[in-house]
Each structure stands twice: as structure tokens, then as C-alpha cells.
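Right, one structure below, let's go through it.
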Amino acid sequence: MSTDNVNHQGGAVDEEFTDPGVPADHRPRRADVDPKAANRAERQVAAMFGLSVLGTVIAIAAYVMSDVGGDNIAGVQNSTMLMGLGLFLAMIGIGTGAIHWAKTLMRDHDMVEERHELRSSDEARAGAVDNLKEGAKDSGIGVGRRGLLKGSLVTALAIAPLSVLVPAIGNLGGDWNVSKFRHTMWKQGVRLAKDPDGSLIKASDVTIGSVFHVIPDGLTELEHHQLEEKAKAVVLLIRMSPDDLNVQPGREDWSFDGIVAYSKICTHVGCPVALYEQQTHHLLCPCHQSTFDVANGAKVVFGPAKRALPQLPIAVDDEGYIIAKDDFNEPIGPSYWERLK
Amino acid sequence: MTEVKTAPTDSRLNRAAGSTASYVDERTSIGAFTKFIARKIFPDHWSFMLGEIALYSFVVLLLSGVILTAFFVPSMDIVEYEGEFAQLKGLEMSRAFESTVHMSFEVPGGLLMRQIHHWAALIFTASIVTHMARIFFTGAFRKPRELNWLVGFTLMILSLAAGFTGYSLPDDVLSGNGLRIIDGVIKSIPLAGSYISYGLFGGEFPGEALIPRMFTAHILLIPALILGLIALHLFLVFLHKHTQYPGGGRTDKNVVGLPLFPVYMAKAGGFFFVVFGVIALLAAVFQINPVWNYGPYDPSPVSAGTQPDWYMLFIDGALRIMPGNFEYVIGGFTLSLNVLIPAVVLPGLFFGVLALYPWIEAWATGDRGEKHVLDRPRNAPTRTALGVALITFYVVLVLEGSNDIVASLFSLSINDLTLMFRITVIVLPILAFIIAKRLAMGLQRKDRELVLHGHETGRIVRFDNGEYIEVHEPLTEQERWVRVSYDALKPRELAPELNDRGVRRKGYRWDRFKAAWSRFYFEDRVEPVTPAELKAAEEHHAHELESGKKAAPEDPAIHP
Ligand code: HEM
Ligand code: FES
């Protein structure tokens, strides 16, 4: 029986096997032959739908009794869980019920439907072409003389969207003053303050090995654009033993007795660089692990960033507070096309 | 047995239903449509449910999303927190963040809705990707479904956009840092980068415009596009009629399965509730995105070991894996290839190849016919191997995107891990290609073995001459048909370079490329068993048994 396709009579064999067709041997399910099993299946389905009703009741009860408000996180979490479980039952009851019904009581042997090629018939295609031609004739486009009409319509349609797009896109960027990327709040004499409370920092507060997260004094009083300024101006202040510090040529007076200040914004794509390792003097950016060597001009020692962190030149004023001597001498943060222009 | 219960009440119901139907039909001709649709046949297979999961989780997203919009305030105005959650008391935060915390702690069911929405988003994206993999590995993208593949592809990109914009709305530290990374990536674009960034944020990062703008995209623009494209997607599924796996009676000219009404209405409809239920369960039990623990966005703090949602990890991984030396200054302008390549060029290529794959493969096959019977992945070894290689590449990037977690899990140094991944990301996909191709062809050979020699039964027969052989049971016709009814495509023939007038013909180079591409696909292949081979094998078995003198007469493997 398994070799029907092999032609035994003539000794010659077919080139290919023939399709045995849709399997005819459909094994009936219990419910197909046994009315008791069918009734049982029906009761099971009804029970699942009943479970759903119960779930809805639970969800509503959980809502009514929910204990939110106040500083009661546990209460919020409990009511969330109970409501969620109620919803789960309400849904899963309907779902499993319907599927169980389909699997036990509904038809389960295959039917066949013909497919038709998607390509339209030749007549339909020819008809489409004819209709388009006729339409084109009615519009006068088909005629060569109407080049002007076609050309002007296409041009008008092509540029008309600009009448909306230009103002729309034009307004998106407000003043479009991208040169703001270049400057921060730091300038000669601005004191360094602690982030976030704004208290000033004296050189004597900064012990060897310590790190301060720094904002410019006055940032918290800004009326506008506080976050934008903060996003550019944040600085890390680090003190190491002056012997460990390898001062960069040309920056001899940018640090003070082993205290250096570097931009906190990664030169890769701009995360705050926050993890300082005292032993190695390495700063790690948690986003993509660019690693900067603070003892050596914050140059990149590992990772996807290319440039060193910009250094903020600092000094100490008469009252002992640390101040900036100038803004950064390059744009902080990630690279952009015209950053050196 | 149900007839008994029906009779009187039911017939009144029937009359009411009938007159309603008639009323509607006279105004819409819905009758014809119902006739067309009600008994449409759909084939059954678990892998066809992946698209359904995507669909249903999208519905759940819409439902839960509508509830969230009632409480979320898309504003970056700064307020001082005066709500009930002690840890945040007195902190400055945007209204977006404040309203998110408010809806979590002070709106009954609000936290549940947020968690449902977020879990549904994760399941939506995951089911889209697995659905796409199913389409890929079974060749469901072949003619006539190439355009539907493109529709699906666009849906996949839109789902990523939906996920990312939604994730960023609460304006917490985590998502804010994600946005800053995007800002950095945008700035690396040559010429226009600064302006795109400035336009997007309405000024400098973070600005006050982004959240309202993303909100519009997230709740209006993107869902409307997704909805429209889903409608088109499903329209095309109906128009094409669903594909089917190979089997007896299943051809490129028919579709074998069960009718939409009632079977699929019940199964698919029921499945919607199952998907909803499972999402509700996840949301009830597993906390997700507790923004109150992260805190409101502030450009200064950042914590290690935090992760974006899974579908963004591969870009993070690509950014991490790239060595930093590739930044150049040319004529005073800065070109950051160290950012541009991983975050723009690479995803562009990756998604570009995916979008165009149906045509890329068609160059190799040169096949023009409609394909409605799916491939078993083993029967398209090169495609399967390419898919596995792409997935491997993707997974390495995802792992690199969580390298801090992987490193601490296996107590490795992050730097060593990254160095290792830099090699792995190139070598492993190639290895995966080779292994997957061999495996696929190995499975094809195993199929041949099965067809030729039948199932092992474990029954041992001892011959008079002392030899033992195991009795094999031949495959049923149905089992055999599944294993022999595939095309082992051959490489395309290349027509000669010169035409009959001795002139080099047009398009020769393109043809030559296609022929080479075709060899890459089909040079190695395993042909299906032919009836002649089967006959020879059977004769061989019979001979073996006869020469053993003790042909067990009841042994079905033997055909005299
Ligand atoms: C929002 C996202 C999507 C939804 C809601 C969706 C939904 C569906 C559904 C319900 C089906 C029929 C059942 C099935 O075969 O799984 C289907 C089929 C299909 N989908 Fe999608 N899909 C989505 C994304 C995609 C993607 C990303 C691709 C590929 C790039 C794709 C390509 C296809 C194709 C070619 C078919 C026809 C399959 C066949 O007839 O075998 N879809 N889709
Ligand atoms: S942002 Fe710092 S390494 Fe990428």
C-alpha cells in the first residue's frame, strides 16, 4: 500500500510521487461519538465562562476596596495585583472557554477551498488599459500638445506641500541658534557649587580622592532654561595627589593643587559620566563604557568615545572658593559636524 | 443533542436576528460580504498565531492607552511634587513625571493600566519579531506576498517608534538618558545633525517641546499609521488566502483548513481573550518601569546597570562595541563615524536587507510562480542559514548591549567582554551560517533516509545465518509526501554573453551577478527521493531479507 506511486506493472517508475490528497482517515473525537462526552464538554465550556464572570466580580471588588492614596505603596501594589488577577480570570475564562468549545464541539476535519491566480484576466487588463486611455482622452492629456498642462500640474503638485512644510518645519527649531551648543554658563569668576543643593565649594573641602558633582553657582536661580544649562554645565571636580596628576601642556594653570574639573558630559553621545575609580583615576561612562583617565587630561583609554572630556580651568578666589577661570575652550558633549567651526 | 433545547425561544430570536440582518443588508449589501467571508478557509498551525498575538496585543495597547491619556499630562513645565509619595516630596519635576506618579499611586487601577500597557508593548514588539521570523523561515514572503512583507516590515519599524516614544513620555531619569543618547546620535549626522536635533527638541536638549511632540506622535500619528497598515495587512492576508504547510492535498492552487465561522471565530476570538488575560497576569504580578524609583529627569545623575526596553538594546550594543578611533576632522568639520556607523549606518543596512529580502532571494531563484505552500526551513538551507546568521548578529549586539550585566553574571571584565564581542560579532554569524546550513542539509538527508528505509521499529530479526537486522516500518503516504514534495532548486543558468550577432548583450553583468548569487544559494542541495530511488531501496531490502533466508512474512518493510 505504501508504494502506490511506484509503477510495478511496466517496470518503469513515475518521475515524481503523486500527492496522496487530504488525509481521509479522520479520527472522531470523544464528543463526536459519545453524547455524554459532548454534554461534559459543554459543561466544561460553561464553567470557564462562569469563571470569567467570577473574575469580573473580583476585579470590580478590588477596585471598590482599593486602598490608594496616602503613602501606602503596599496597598497600591495589593490592589493592583488583585484587580489584575480579576481581569486575568475575566479574560482567560472567555478565551479558554471559546477555544475549548472550538476544539471539542466544532468541526475538526479539513475543508478545501480553491485559490485563483491573483493576476487579473487578460480581458480585465485590456479593459483597464482601454478605460485609462479613454479617460486620458477625455481629460485631453493623451494629446501631445498638452505638455504644458501636464508639466505645470506636476510642478504645482510637487511643490505645493512646501507651502505647509516650510512653515511647519521652520517653526520646529524656534530661533535655530545652534551656536548655543558652544557655550555654557561657566565664565571667569563663576563659583563652583554642589549639585543639587547649590552650596559653594572651598578648596579645603576637597580632600584627596574625593569627587564632587558640580553645577555653576546661580544655576538654580535661573528663571528659564535651567535644565538646558545644567545639561551643558555639569562638571566633576576631582582631587588627586599632585604627584599623580599629569598636567597637560598648556594647561599648567587650569588646576589647583591636584584639583581638576572636567565636563561630566560624555564626548561619545552625551550621557553623564559618573563612575570614578580612585585607584586608577579612571572615569567610566555607564552608557557605553567609555573610560577616561583623569590623571592624564581625561583622555579616552577604552570605549567608543574618541575625544577627551573638556577641562574646565579653575582657580581659588580670595575667600577660598573654587571658581572657573573661563568657559570650556571647546563645545562639551558629543561631536557634531560644525563643532570646530 | 442540542436540537431538543432550541425550538421555540430560539426561533423568535432567529426572527429578530433575521429582520435585523435584512435591515442592514438592504442598506449595505453586507449579505454578499458575509457569504464570501463566513466560510473562508484558514489553515491551522501554531506558528500562524504569532501574527494574531501582535494584533491582539495592539488592541490591548489601544484600550489601556486610552485610559492612560485620561491621566497623563504631556507637559515639561516644572512643578514641585506635592503628592503622597514621600520619597519624592519637594522634588522638582516635569508635569509629565508628576502625572505618571500620580496615576500610579493615587488613581485606583492606574498602576495596573500602566503595567498592562507596558507589558503589552513588550509582547507586541516581541510577537512582531517572532512573526516576522516565521514568515522568513517558511518563505511566506514569496510571490504574491512580497508587498505584504513590506507592509509588515513598516509595521515593525512603527512598533519600535511607538515603543520608544511611549517609553520616553514619563520623563524619568532613565528614559531621559535614552533621549540624550538619541540626541547625541542625531548630532553625529553630517551637515544637518545639529539642526535636526535643534528642530526635534525645539531648541537645546532637553527643551520644553519634546514630550508634547512625542505625545502627539505616540497617541495619534503612530497608532493611526499602525491601524491603517494593519487593515491593509489583513486585507492582503484575506486576498492572498493564507499559506499552508506542505502535506497531502495541499497545493499552490488550494487552501486546506477550517472555516472562519465558526471555528476560527471561536479560536481566534478566544485567543484574543487569552492574550489579554496573559498580559493582565503579567501586569498583576510583575512590576514594570517603576519610574518613582528612578526619579524625575535631571541631566546630571545616571545609574549603572540600567537597560532600555529590549527592542532598543541592539543599538546600544552596537554603540558599545564600536572602537572610538573612527572620529575624523576633515577640513575643520567633524565626522563621527564611531557613532554614525553603529547607530545609523548599521541599523540602516540591517533593516534595509530585511525590507528587501523577498527581492534579494528572488534574484537567486528566478522563480515567477505563486507560492502558497510554505517551505519547511530545512528545505531552504541557504535562506535558513542566512536567517540564523542575522539573528546571531542581532543577539551578539543585544548581549553587548547588556554587557555590564553579562560581565557581572560571569564575573568577567567588561572591557574583555567588549573586546571579545568585537571579534564575535563578525565571526559568530559566519559560523552560525555554516552550522545552520549543515544542520538543515543534515535534516534533509535524514528525511531521505526515512523515506528510503522507513521508521526504526526497534524490532530485531535474527536470520538463519546468524545475522541480525532491525525491522523498518515504511512511511505512510502522508508522511512520505511531506518529505518528498519540495523543490530542490538548481542554480540559474547564465545565458551566453554574446548574442547571435556576436555583440555583448544588454544586462549581461546583472545576469552574471544573479547567476553567482544563485550558485551561493543552490550549489549545495539535497534532492528529494524519487520513486525510482525508493523502488531500488525497497528491492534492496527485499534482497537483504531473502539472502538472509528467513524473510519474516509479516514484516511490512518487505515488498516482494
Ligand atoms: C503590527 C504588526 C503585525 C501584525 C498585527 C500582523 C498581523 C498578521 C496576522 C494576524 C497574519 C495572519 C496570521 C499569521 O500568518 O500569523 C499575518 C500574516 C502575514 N504577515 Fe503580519 N503582522 C504584523 C507584522 C508583520 C511583519 C513585521 C511582517 C514581515 C516583515 C509581516 C508579514 C506577514 C506576511 C507575509 C503574512 C502572510 C503570511 C501567510 O499567508 O503565511 N507581518 N500578519
Ligand atoms: S555616552 Fe558615554 S560611552 Fe556612550
Side-chain angles (χ1 to χ4, degrees), chain A residues 2 5-6 13-14 17 20-23 35 63 66 68-71 76 80-81 83-85 87-88 91-92 94-95 98-99 101-102 106 110-115 118 172-174 178 180 195 227-228 230-231 234 269-270 272 274 286 288-289 300 302 304-306 334-337 339-340, chain B residues 1 41 84 86 105-106 108-109 111-112 144 180-181 184 187 190-191 193-194 198-199 202-206 241 248-249 253-256 262-263 266-267 270 273-274 276-277 280-281 283-284 299-300 302 304 319-320 322 324 327 332-334 336 338 414-415 474 477-478 481 484 531-532 535:
Chain A
S2 63
N5 314 97
V6 183
V13 180
D14 294 339
F17 288 97
V22 179
Y63 171 81
S66 64
V68 302
D71 196 16
V76 172
T80 297
M81 182 173 294
M83 229 179 293
L85 290 177
L87 182 57
F88 162 68
M91 295 296 138
I92 210 85
I94 300 182
I99 292 172
W101 182 356
M106 290 183 188
D110 285 335
M111 291 164 64
V112 179
E113 185 179 303
E114 294 303 309
R115 288 180 194 273
L118 284 153
L172 283 181
V178 297
K180 283 189 199 157
D195 178 31
L227 281 181
E228 291 73 19
K230 186 171 183 184
V234 278
V269 284
H288 315 103
Q289 293 127 13
V300 178
F302 186 80
K306 162 97 176 207
S335 301
Y336 54 95
W337 183 245
R339 73 180 288 276
L340 296 180
Chain B
M1 54 251 90
I41 299 300
E84 300 286 357
F105 288 138
E106 283 150 73
L111 180 59
L112 180 65
R180 188 152 204 191
I181 292 176
K187 282 184 175 148
L191 288 166
S194 315
Y198 209 86
E204 284 188 282
F205 175 89
K241 301 193 170 112
K253 299 225 151 53
N254 70 6
V255 49
V256 179
V263 181
K267 278 193 185 171
F273 291 96
V274 171
F276 199 162
L281 184 64
S300 183
V302 67
L319 280 168
R320 287 179 188 197
M322 187 77 189
E327 181 175 302
F333 291 105
T334 308
S336 284
N338 56 334
I414 293 189
N415 295 10
E477 275 186 294
Q478 295 286 349
W481 179 245
V484 298
K535 191 174 181 216

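Below, each value reflects all heavy atoms present in this structure, side chains not excepted, and no hydrogens, waters or symmetry copies. Below, read A as the first sequence line, B as the second, and so on, with proteins coming before strands; counting in each chain starts at 1.
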For chain B, which candidate among P334(A), G270(A), A102(A), G174(A) shows the most heavy-atom pairs at distances under 4.5 Å?
G270(A)
Counterpart residues, ring pair (Phe, Tyr, Trp, His ring centres under 6.0 Å), relative to F88(A) (two or more places apart):
none
Within a reach of under 6.0 Å around CZ of F302(A), are more than 12 heavy atoms found that belong to other residues, nucleotides or ligands?
yes
Return yes if some donor-acceptor pair links the side-chain N/O of E228(A) with the main-chain N/O of G203(B) below 3.5 Å, else return no.
no
Just by modelled atom types, is the Q289(A) backbone N or O under 3.5 Å from a matching donor or acceptor in the R320(B) side chain?
no
Heavy-atom contact with chain A under 4.5 Å, split by part of S336(B):
side chain
Choice from G193(B), G248(B), A280(B) maximising heavy atom contacts with chain A below 4.5 Å:
G248(B)
Partner set under side chain to side chain donor-acceptor pair (under 3.5 Å) for K180(A), not counting sequence neighbours
D175(A), Y198(B)
Among R115(A), H288(A), M91(A), R339(A), which residue has the highest count of heavy-atom pairs closer than 4.5 Å to chain B?
R115(A)
Below 4.5 Å from any heavy atom of chain B, which atoms of A231(A) appear? Answer side chain, backbone, both or neither.
both
Are more than 12 heavy atoms, taken from residues, nucleotides or ligands other than W101(A), located less than 6.0 Å from that residue's CH2 atom?
no
When I181(B), N338(B), L111(B) are compared by non-hydrogen pairs under 4.5 Å with chain A, the top option:
I181(B)
Given heavy-atom pairs under 4.5 angstrom as the criterion, report whether the side chain, backbone, both or neither of T80(A) touches chain B.
both
Residue selection (most heavy-atom pairs with chain B, distance under 4.5 Å) from L227(A), V234(A), L118(A)
L118(A)
Using non-hydrogen atoms only, which part of V484(B) is less than 4.5 Å away from chain A: side chain, backbone, both, or neither?
side chain
Any donor and acceptor pair, going by atom type alone, linking the side chain of E477(B) with main-chain N or O of P20(A) inside 3.5 Å?
no
Which one wins on heavy-atom pair count under 4.5 Å against chain A: V255(B), L319(B), I41(B), L112(B)?
V255(B)
Main chain of N254(B), side chain of K241(B): is a donor-acceptor contact present, judged purely on distance under 3.5 Å?
no
Counting heavy-atom pairs under 4.5 Å to chain A, which of A283(B), P144(B), A266(B) comes out on top?
A266(B)
Note: vs chain B, highest number of non-hydrogen pairs under 4.5 angstrom among M111(A), K230(A), M81(A) is M111(A)
Between E327(B) and S335(A), do the side chains contain an N or O donor and an N or O acceptor separated by less than 3.5 Å?
yes
Pair count under 4.5 Å, heavy atoms only, with chain B: among I92(A), V178(A), L85(A), highest is V178(A)
